[in-house]
Amino acid sequence: MADVKKIAVIAGDGIGPEVVAEAIKAMKKTEEVFGYGFEFEHGLFGGIAIDEKGTPLPEDTLAMCKRSDAVLLGAVGGPKWDNNSKELRPETGLLGIRKALGLFSNIRPANVFDCLKEASTLKPEVLEGTDLIVVRELTGGIYFGEKFRREGENGQEAVDTCVYNVNEIERIVRQAFEIARTRSKRLASVDKANVLETSRLWRETVIRIATDYPDVELEHVLVDNCAMQLLRRPASFDVIVTENMFGDILSDEAAMLTGSIGMLSSASLGEGAFGLYEPVHGSAPDIAGQGIANPIATILSVALMFRLTFGYHDAAEAIERAVKEVLDAGHRTGDIAVDKSKAIGTTAMGDLIVNAIRK
Ligand code: NAD
């Protein structure tokens, strides 16, 4: 057996525990099939942690994450905590955990399953072959720059400053080049270098770092153009790297190419191999406790963990293949079913995928 990897599991609220249970089943199956070893430790996080411990991110949960090799997160939040003060909101725990774990990039794959092409609002022929990843910077840019109001000549003014230093740019760009190397070796760096000084520093840095990655084909795309090209020729992109606000917008746009939120995985990474893996969707309070949530986003987040943190490409491929096989056979949860009366539940979908994982 390979060395045992420590997985911190924070299932969270709503459908979080339901979908995480299926992802753990998939991990256990890869132990059997590929001989990998995982040790799971569970911690409270989000609304449930507010109820039981009086804080969304308890110290012992954070300590558990810090001693783990990777974190598997379900989802947090729900109407019960929506009117809480800021420090007692589940979402505050999300920001806190990313900061405390030094996570500076968010990785979101968007790949279109052939059998679900109809679920997208784009024409199937435009989507054909779409399989891309958006790498978004998480810690800098206009979200974190100085913000203030002042009296100007024409009344009140509001100012948001966008700041990036060269180290922040360099670390994420290197990460994106590394990811591109594990895929089809194409990287699109997205900026607004015709207008913004931060983008000019971004582009200079990308050009300098590119000399270390001569095997990766690099293109620079202006953000407005990228927004258009994602709709016109999504299949031509492989890895897209960009700053915080552009990434926020483009990753949501790319996500919608696939047509269903229940299918989208994500990772947040820092220095080294450690990462936090979670579905893009939230806690879906409207369907929580009914056993009908789609577990595929969380199961695919495990495949992402295998690729990006552990380098277990064989097991990652086996999970992705199993998902495709089950979908191709026509099995659907309610969110992706055309005929809702034939939809299957969370556990049934999880079982089908687990049974399809093989070498
Ligand atoms: P949501 O993603 O939870 O749900 C949006 C819609 O998609 C709902 O109709 C839901 O039923 C459906 N949906 C989502 N995931 C699904 C799945 N796996 N299977 C089937 N259907 C699915 O977004 P929301 O309703 O805006 O937010 C609900 C709560 O989740 C809020 O408290 C929000 O703050 C929180 N949230 C948390 C995260 C996170 O934990 N990272 C992310 C987004 C939202």
Side-chain angles (χ1 to χ4, degrees), residues 8-23 25-26 43-51 56-57 61 65 71-99 101 103 106-108 113 116 119-120 136 138 247-248 251-252 255-256 258-268 275-302 304 323 326-327 331-338 340 342-350 352-353:
V9 181
I10 39 186
D13 308 313
I15 61 168
E18 300 169 43
V19 292
V20 161
E22 301 311 311
K25 265 165 38 184
L44 293 178
F45 183 60
I48 188 172
I50 296 172
D51 289 352
L57 178 54
T61 298
C65 294
V71 180
L72 178 65
L73 170 64
V76 297
K80 185 175 177 192
W81 306 281
D82 274 354
N83 298 319
N84 282 8
S85 60
K86 191 170 170 234
E87 61 286 0
L88 285 184
R89 285 180 60 97
E91 295 76 10
T92 307
L94 276 178
L95 290 178
I97 201 168
R98 292 201 174 108
K99 190 156 184 239
L101 297 176
L103 305 173
N106 186 246
I107 316 281
R108 281 216 214 163
F113 289 87
L116 293 180
S120 173
R136 167 190 170 192
L138 274 185
D248 191 2
S251 58
D252 270 12
M256 276 306 100
T258 67
S260 174
I261 186 124
M263 303 285 298
L264 296 163
S265 59
S266 83
S268 298
L276 179 148
Y277 296 84
E278 59 181 320
V280 166
H281 62 72
S283 58
D286 54 334
I287 58 165
Q290 299 175 31
I292 57 170
N294 186 347
I296 294 180
T298 316
I299 292 173
L300 289 176
S301 298
V302 167
L304 203 55
V323 169
V326 169
L327 291 172
H331 303 292
R332 303 278 188 274
T333 43
D335 57 319
I336 49 174
V338 179
K340 305 278 181 215
K342 295 213 179 102
I344 59 172
T346 312
T347 316
M349 179 56 97
L352 284 166
I353 294 170

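Ligands are counted one by one from 1 in listed order, and the atoms in each one are counted from 1 as well. Given the structure is predicted, the values throughout are model-derived calculations rather than measurements.
Residue Ala293 places a heavy atom under 4.0 Å from ligand 1. Note on ligand 1: Leu94 sits in its first shell, one or more heavy atoms being nearer than 4.0 Å.
In this structure, Met349 CE and Ile292 CD1 are separated by 13.0 Å, a value rounded to the nearest 0.5 Å. Rounding to the nearest 0.5 Å gives a distance of 8.5 Å between CD1 of Ile353 and CD of Glu22. In this structure, CD1 on Ile299 lies 11.5 Å from OG on Ser265, to the nearest 0.5 angstrom. Put simply, OG1 on Thr298 and CG on Leu304 are 12.0 Å apart, with the number rounded to the nearest 0.5 Å.
Contact detail for Pro279 and Leu73: the closest heavy-atom pair is CD-O, 3.3 Å.
Considering only non-hydrogen protein atoms, atom 7 (O) of ligand 1 sits nearest to Ile261 CG2, 3.7 Å. Protein heavy atom nearest atom 40 (O) of ligand 1, with residue, atom name and distance: Val76 N, 2.9 Å.
The residue from Asn294, Ile287, Thr333, Ile336 that puts a heavy atom closest to atom 21 (N) of ligand 1 is Ile287. Nearest-residue assignment for atom 2 (O) of ligand 1 (options Gly47, Gly12, Gly282; heavy-atom criterion): Gly282. Around atom 30 (O) of ligand 1, the closest heavy atom drawn from Pro79, Gly77, Ser283 belongs to Ser283. Of the options Ala284, Gly16, Gly78, the smallest heavy-atom separation from atom 32 (O) of ligand 1 is shown by Gly78. Nearest-residue assignment for atom 14 (C) of ligand 1 (options Gln290, His281, Glu18, Met263; heavy-atom criterion): His281. Scanning Ile10, Ile292, Asp286 for the heavy atom closest to atom 10 (C) of ligand 1 points to Asp286.
Shown here, atom 34 (O) of ligand 1 is in close reach of the protein: a heavy atom of it lies under 4.0 Å off. Counting only heavy atoms, the protein never gets under 4.0 Å from atom 27 (O) of ligand 1. For atom 5 (C) of ligand 1, the nearest protein heavy atom lies 4.0 Å away or farther.
Met263 has its side chain within reach of Leu327: a pair of non-hydrogen atoms, C-beta onward, lies under 4.5 Å apart. Considering only heavy atoms from C-beta on, Leu352 comes within 4.5 Å of Ile344 through its side chain. At least one side-chain heavy atom of Leu94 sits less than 4.5 Å from a side-chain heavy atom of Phe45.
Salt-bridge annotation for Asp13 and Lys80: absent, with no side-chain N of the basic residue lying under 4.0 Å from a carboxylate O of the acidic one.
Residue Asp286 places its CG atom among more than 12 non-hydrogen atoms of other residues, nucleotides or ligands, all under 6.0 Å distant. Annotation for Lys340: atom NZ counts as buried by contact number, over 12 foreign heavy atoms lying within 6.0 Å.
For ligand 1, the atoms lying closer than 4.0 Å to a non-hydrogen atom of Glu278 are 41 (N). For ligand 1, the atoms lying closer than 4.0 Å to a non-hydrogen atom of Ala75 are 40 (O).
Residue Leu73 does not touch ligand 1, judged by heavy-atom distances below 4.0 Å. At a heavy-atom cutoff of 4.0 Å, ligand 1 is contacted by the side chain of Pro285 but not by its backbone.
Taking only nitrogen or oxygen atoms, main chain and side chain alike, Gly74 does not reach within less than 3.5 Å of ligand 1.
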